[in-house]
Amino acid sequence: MTRPNILWICTDQQRWDTLGCYGNSFVRTPNLDRLADRGVLFEQAFCQSPVCTPSRASILTGRYPRTTRTRQNGQDIPEDEVLVTKLLADAGYICGLAGKLHLSACHPSVTPGMERRIDDGYAEFHWSHHPAIAYAKQKTNHNWPTNEYNLWLLEQGTEYDPKPFGESGHVEIGPPVEHHHTTWCAEKAETFIEANAGGKRPWLFSVNFYDPHHPFDPPLDYLQRYLDRLDEIPVPAYVPGELDGKPVYQTIDHEKAYGGHAGYPFDQMKDKDHRLVTAAYWAMCDLIDDQVGRLIDALERTGQLDNTIVIFMSDHGEMLGDHGIYLKGPYFYEPAVHVPLIIAGSKDLIRQGERVATLTELTDIAGTLLDAAGIERHPGMQGRTLWPLIARRNASPGPLGPRDDVYCEYYNAMPWHKGPAPQATMVRTERYKLVAFHGEPLGELYDLEADPGETINLWNDERSASVKLYMLQKLCDRMAWTVDPLPLRRAPW
């Protein structure tokens, strides 16, 4: 078996409904739409945490956040966790990365050089946690000297210096395309693709775009595409009063995101502000699509397209004003946890133009990659495999088959909410979603068939008591089965 190359594209904070192939008629994503035509699109893929570090650790290990012990932003992934990229590297793959990793604390106060790494398998490592966000505005030195994107800008004779957008204080104008962080990530990946053309060893390259993570700062020409249609862009899905009877963290973040630390005060924003933020977010997604097209062209130009599996996904979603909240936090609404997932390849490798409607977790990615490469899975992995759903030729079914629910965790994953710090878990079936806030009397229960917008909390509804009990049992089962399978049993006693 010839092992396929793997181009693994992971965006940051991109919800599932931001691509044409997922039904968005505003965005311009022809390259990702064509990618879906060359592979399998998963309609119901869900992250295991709505926050970066725990989600990324889960994706790369195939394990759950509490199992990896990487439950929060600002924590360091333990040295003994095994990443799928390490397993691939040990099996002969050449692995590279450009952009964000975020498996350990990423603040200059504790990482003055760059993010701490474990033995991650990446032989080529172009690290840039973020383009410099607030630090550029403040003109301080609170940035990493090894932020390779900033070094690249210096070589271009420029710097990261977003400009205010006069029509809304919630949107900025980012660098032009040629100097954009998204473009830099794609450039590094393109060079890697070209360098490995004709090589004897298979490769994996992680393209970890920072966008469409806030701040909402696309290049001006990308934002301008939407300005003529601004009034057509829907305002966020929010019913006044819907947060009454829901966990208090949502009301706090409704007033200002991140517990009051990040702006976006929903009620103080006008409809035009909301529409402009959405337009800027979509514009950032459009730029990602253009750069994905560049990478597909590079694969085709170098004769590697037919032997490369291309994955497109995101680590978690973005509220984008839905339910009166921006960014992310201790909530599990569809915009926060439902993400795009496309796995594509040649017709000899991957089924073409298919859509999978079954529930899928991002813990399943690591095992899928190992199956695609013919490598035995690590005994600590907890995710399943998607390979039988996507492989062109006969593939043995996964050991557990399709999922009937998905599971997600938030263990005080960000430091903004105090007294009490939220400890929450979610289980979702095709019809119902339950969220438990542990140690607190209030949770959430939604009937997704009757209330797909998740506005009516049935947690205290007496008529839904049997459903609540059923979902609580499912949640308990999922929490029990996230216990670490390691260390393995060595003998009967």
Side-chain angles (χ1 to χ4, degrees), residues 9-36 41 45 131 162-177 180-183 185-186 209-238 257 263-264 266 269-294 312-328 333-342:
I9 304 166
C10 183
T11 62
D12 195 344
Q13 210 159 301
Q14 184 170 4
R15 45 195 275 168
W16 89 101
D17 58 357
T18 51
L19 306 179
C21 52
Y22 279 91
N24 189 317
S25 60
F26 287 88
V27 296
R28 298 185 185 182
T29 57
N31 296 297
L32 288 165
D33 297 345
R34 283 195 295 269
L35 197 68
L41 180 150
K163 306 296 183 185
F165 182 63
E167 297 185 42
S168 175
H170 307 285
V171 172
E172 296 178 340
I173 301 302
V177 173
H180 203 279
H181 189 269
T182 298
T183 304
C185 279
F209 296 123
Y210 186 77
D211 278 0
H213 191 292
H214 63 283
F216 303 106
D217 60 349
L220 179 58
D221 51 340
Y222 278 71
L223 179 60
Q224 285 176 328
R225 297 175 180 177
Y226 291 93
L227 298 185
D228 289 342
R229 302 183 63 190
L230 197 62
D231 290 342
E232 300 175 35
I233 295 176
V235 296
Y238 170 62
Y264 307 101
F266 189 91
M269 297 169 66
K270 300 177 182 178
D271 282 355
K272 184 175 183 180
D273 291 316
H274 293 304
R275 289 189 167 106
L276 281 169
V277 170
T278 298
Y281 183 74
W282 286 347
M284 296 159 82
C285 295
D286 291 350
L287 176 57
I288 289 168
D289 182 84
D290 283 348
Q291 298 305 314
V292 169
R294 172 183 180 176
F312 181 85
M313 57 178 287
S314 192
D315 60 349
H316 56 79
E318 155 69 53
M319 291 302 297
L320 204 61
D322 287 347
H323 302 280
I325 304 168
Y326 278 91
L327 312 187
K328 55 184 181 281
Y333 292 116
E334 295 293 287
V337 296
H338 188 176
V339 296
L341 175 60
I342 300 169

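Since this is a predicted model, take the numbers as computed values, not measurements.
- A heavy-atom distance below 4.5 Å is found between the side chains of D286 and R225.
- Taking the six-membered ring for Trp, H323 and Y238 have ring centres at least 6.0 Å apart.
- A heavy-atom distance below 4.5 Å is not found between the side chains of F26 and T278.
- Here the straight-line distance linking atom CE of M269 with atom CZ of F266 works out to 7.5 Å at 0.5 Å rounding.
- What you find for P131 and Y210 is that their closest heavy atoms are CD-CD2, 3.5 Å.
- The minimum heavy-atom distance linking Y22 with P340 is given by the pair OH-CA, 3.6 Å.
- Interatomic distance, OG of S168 versus CG of L276, reported as 5.5 Å (0.5 Å rounding).
- Panel note: side chain S314, backbone T11; a donor-acceptor pair is recorded below 3.5 Å.
- A336 approaches M319 most closely through the heavy-atom pair CB-SD, 3.8 Å.
- Ionic pairing of D322 and R15 is present here: one or more N-O contacts between side-chain nitrogen and carboxylate oxygen are shorter than 4.0 angstrom.
- Between Y264 and F216, the gap from one ring centroid to the other is short of 6.0 Å.
- Side-chain polar atoms of D211 and Y281 form no donor-acceptor pair below 3.5 angstrom.
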Next on the checklist: What verdict does the side-chain contact (heavy atoms from CB on, under 4.5 Å) test give for I173 and L223, after you've listed the backbone C-alpha separation in whole Å, the side-chain angles of each residue and the deciding distance to 0.1 Å?
Outcome noted: CA-CA 8 Å; I173 301 302; L223 179 60; 3.8 Å; yes

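- A heavy-atom distance below 4.5 Å is found between the side chains of K328 and H214.
- The distance from the SG atom of C21 to the CD1 atom of I342 is 4.0 Å, given to the nearest 0.5 Å.
- Taking the six-membered ring for Trp and thresholds of 30 and 60 degrees, Y326 and H274 have nearly parallel ring planes, at less than 30 degrees apart.
- Annotation: the span from H180 atom NE2 to Q291 atom CD amounts to 9.5 Å, rounded to 0.5 Å.
- In terms of heavy-atom proximity, L341 sits nearest to M313 at CD1-CB, 3.9 Å.
- Atom NE2 of H181 and atom CG of L287 lie 11.5 Å apart (nearest 0.5 Å).
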Checklist entry - Are L41 and L19 close enough, and set up right, to give a side-chain contact (heavy atoms from CB on, under 4.5 Å), and what steps lead you there? => result CA-CA 11 Å; L41 180 150; L19 306 179; over 6 Å; no

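- The closest side-chain heavy-atom distance from V171 to D217 is not below 4.5 Å.
- Panel note: side chain D12, backbone D315; no donor-acceptor pair is recorded below 3.5 Å.
- Counting only distance, with no hydrogens or angles, the side chain of E318 and the backbone of L327 share a donor-acceptor pair below 3.5 Å.
- Across all non-hydrogen atoms, the minimal contact from A186 to F209 is N-CE2, 4.1 Å.
- Using a 3.5 Å distance cut-off with no hydrogens or angles, the side chains of T18 and N24 do not pair a donor with an acceptor.
- To the nearest 0.5 angstrom, H316 atom NE2 is 5.0 Å from Q13 atom CD.
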Item to check | Stepwise side-chain contact (heavy atoms from CB on, under 4.5 Å) test for R294 and N31 | outcome: CA-CA 9 Å; R294 172 183 180 176; N31 296 297; over 6 Å; no

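- Considering all non-hydrogen atoms of both residues, I288 and F312 come closest at CG2-CE1, 4.0 Å.
- Counting heavy atoms from C-beta on, the side chains of P175 and T183 never come closer than 4.5 Å.
- Looking only at side-chain heavy atoms (C-beta outward), W16 and E334 come within less than 4.5 Å of each other.
- Considering only heavy atoms from C-beta on, C285 comes within 4.5 Å of P212 through its side chain.
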Checklist entry - How far apart are the C-alpha atoms of R275 and V235, what are their side-chain angles, what is the distance that settles it, and do they pass the side-chain contact (heavy atoms from CB on, under 4.5 Å) test? => result CA-CA 6 Å; R275 289 189 167 106; V235 296; 3.7 Å; yes

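- Ion pairing between K272 and E167 holds under the 4.0 Å rule for side-chain N and carboxylate O.
- Within the 3.5 Å criterion, the main-chain N or O of D289 finds no donor-acceptor partner in the side chain of T29.
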